[in-house]
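Every number for a ligand or one of its atoms is a count from 1 in the order of the listing. Values in this document were obtained by computation on a predicted structure and should not be read as measured data.
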Amino acid sequence: MATPASRITLPPLPFDRQALEPHMSCETLDYHYGKHHKAYVEKVNALIADTPQQDATLEQLVKQASGPLFDNAAQAWNHAFFWRCLSPRRQQPGRELDPVLRSFGGLEALKSEFSKAAVAVFGSGWAWLIRDSGGAVRILTTSNANTPLRDGHTPLLTCDIWEHAYYIDHRNDRGAYLRSFWELVNWDFVAGSLR
Ligand code: FE2
């Protein structure tokens, strides 16, 4: 019997779908995770089935693929990372993030710069806090499925700014979504990504 080819899997959410309310609704997670994220994973598996890429890891696909396979693989990776950036337990950044916060002029300045960049993205995309290959921590945005992982940066925090991330809860108000996002950031995960 042939060994089944490896497949990209939909990782479980690291919290219950109701756990982020009132900042992010169960209905949003039903659609965003249960339909959108799941669809990206299924599309990747359909595209790699019976091809030389069927045994590649998701990270390998993100770094090497192009066209629809890249788009869907990057969206699968970005969403898995995004869920890990959120927590139902309201947190303040730990001491280990002090140097990062200082480099922006404090937590409020970081949040303001990140939110401003996120709101300014035309159309769909992602806002990121990353550590670049030179070791500098900075904010950048990507459009559509694009991801700093592809460029060799270390992602520390992301916010999905596709309309499907906020239209149920905030309609067209991306700024209100960003304010809710800050109530949910898993700063322990950010610090862990920095190590
Ligand atoms: Fe999304």
Side-chain angles (χ1 to χ4, degrees), residues 7-48 57-59 61-63 65-88 111 114-130 139-151 153-186 189-190 193:
R7 286 287 184 267
I8 305 306
T9 56
L10 179 68
L13 275 180
F15 38 73
D16 291 339
R17 293 189 191 191
Q18 299 86 359
L20 304 185
E21 293 185 341
H23 308 297
M24 187 178 289
S25 68
C26 180
E27 186 182 4
T28 283
L29 287 162
D30 284 345
Y31 278 85
H32 196 180
Y33 170 76
K35 295 186 185 296
H36 290 281
H37 187 179
K38 181 167 178 275
Y40 294 127
V41 170
E42 288 174 348
K43 186 74 176 178
V44 170
N45 286 329
L47 289 168
I48 64 175
T57 65
L58 184 58
E59 287 76 11
L61 294 173
V62 171
K63 289 177 179 173
S66 59
L69 180 54
F70 167 77
D71 290 338
N72 285 279
Q75 283 295 81
W77 192 92
N78 290 348
H79 281 87
F81 188 81
F82 176 53
W83 306 130
R84 298 176 74 197
C85 290
L86 305 180
S87 169
K111 287 162 65 173
F114 186 104
S115 297
K116 195 173 163 188
V119 168
V121 170
F122 184 80
S124 299
W126 297 81
W128 303 88
L129 183 70
I130 60 101
I139 289 161
L140 56 79
T141 60
T142 56
S143 61
N144 300 318
N146 290 309
T147 177
L149 188 67
R150 174 94 166 192
D151 300 319
H153 301 316
T154 301
L156 306 175
L157 174 69
T158 194
C159 184
D160 184 340
I161 46 177
W162 285 55
E163 269 193 354
H164 69 217
Y166 57 87
Y167 210 80
I168 291 171
D169 292 339
H170 302 285
R171 297 305 178 200
N172 60 328
D173 192 344
R174 191 185 285 178
Y177 165 63
L178 262 294
R179 288 191 288 280
S180 290
F181 167 76
W182 292 117
E183 300 293 324
L184 297 170
V185 170
N186 185 342
F189 177 71
V190 176
S193 300

So, are Glu59 and Lys63 salt-bridged, with charged N and O less than 4.0 Å apart? no

With a 4.5 Å limit on heavy-atom distance, are the side chains of Arg179 and His23 in contact? no

Applying salt bridge (Lys or Arg N to Asp or Glu O under 4.0 Å), name anything that partners Glu183, two or more places apart in sequence or on another chain. Arg90

For the pair Phe181 and Phe82, name the ring-plane relationship: parallel under 30°, tilted 30 to 60°, perpendicular over 60°. parallel

Tell me the protein N, O or S atoms under 2.8 Å from the Fe ion (ligand 1), in chain and number order. His32 NE2, His79 NE2, Asp160 OD2, His164 NE2

Would you tell me whether Asn144 and Ser124 have side-chain atoms, one donor and one acceptor, within less than 3.5 Å of each other? no

Is it true that His79 and Trp126 have ring centroids separated by less than 6.0 Å? yes

